[in-house]
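Excluded from the calculations below are hydrogen atoms, water molecules and symmetry mates; all remaining heavy atoms, backbone and side chain alike, are included. Remember, it's 1-based here, ligands and their atoms both numbered in the order they're listed.
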Amino acid sequence: MEIRTYGDGTLRRPAKPVDAIDDEIRAICERMVETMLRANGAGLAAPQIGISKQIIVLDVEGEFHILINPVLIETSEEVEQVREGCLSVPGVDAPVDRAVRAVVEGTTLEGETVCIEGEGLLARAIQHEMDHLNGNLFLDRLSPARRRSLLKEYRRQREESA
Ligand code: ZN
């Protein structure tokens, strides 16, 4: 399963809610988990594999979650700046401000409502994947100057590897 990269339209579209957990949704989740594991990612959102649905998967420090129709219900006022990258913008990273604590509520594949509270890396991954469902990327959170230099570096690397 190929990961969509910067410039792909699906990454910029707000994802649609999942109506029912059926075989199609189960198959999408399976593909997302496989793709995340193969890419060594801490998380993945469905738009990253070209599917505009509200599904995220997370794999951070032993915490593994599949969340359908996730909603960010709380973020701490306290923020921290940590370097962050994205499987859809490979090869570059930048310091991004994120809340140090985040609470997300969503539905599991079994149809149960769960509430996941994360700190540090897990909180960051939750916020990062939720951004994807809104059509946003981590680089949107950078200053215009920083974003320009990050994209310049990204394009330079792409040209070199092309
Ligand atoms: Zn990402």
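At a threshold of 4.0 Å, the pair Asp140-Arg12 counts as salt-bridged, since one of the basic side-chain nitrogens sits closer than that to a carboxylate oxygen. Salt bridge annotation for Glu78-Arg101: absent, with no cationic side-chain nitrogen under 4.0 angstrom from a carboxylate oxygen. Salt-bridge check for Arg156 with Glu160: passed, with a basic side-chain N closer than 4.0 Å to an acidic carboxylate O.
A 4.5 Å side-chain heavy-atom check between Gln157 and Val92 finds at least one atom pair inside the cut-off.
For Asp131, the side chain to side chain donor-acceptor pair (under 3.5 Å) criterion is met by Arg98, Arg141, not counting sequence neighbours.
Tyr154 and Tyr6 have perpendicular rings, their planes meeting at more than 60° on a 0 to 90° scale where under 30° would count as parallel.
Near-neighbour remark for the Zn ion (ligand 1): protein N, O or S atoms under 2.8 Å are Cys86 SG, His128 NE2, His132 NE2; waters not counted.
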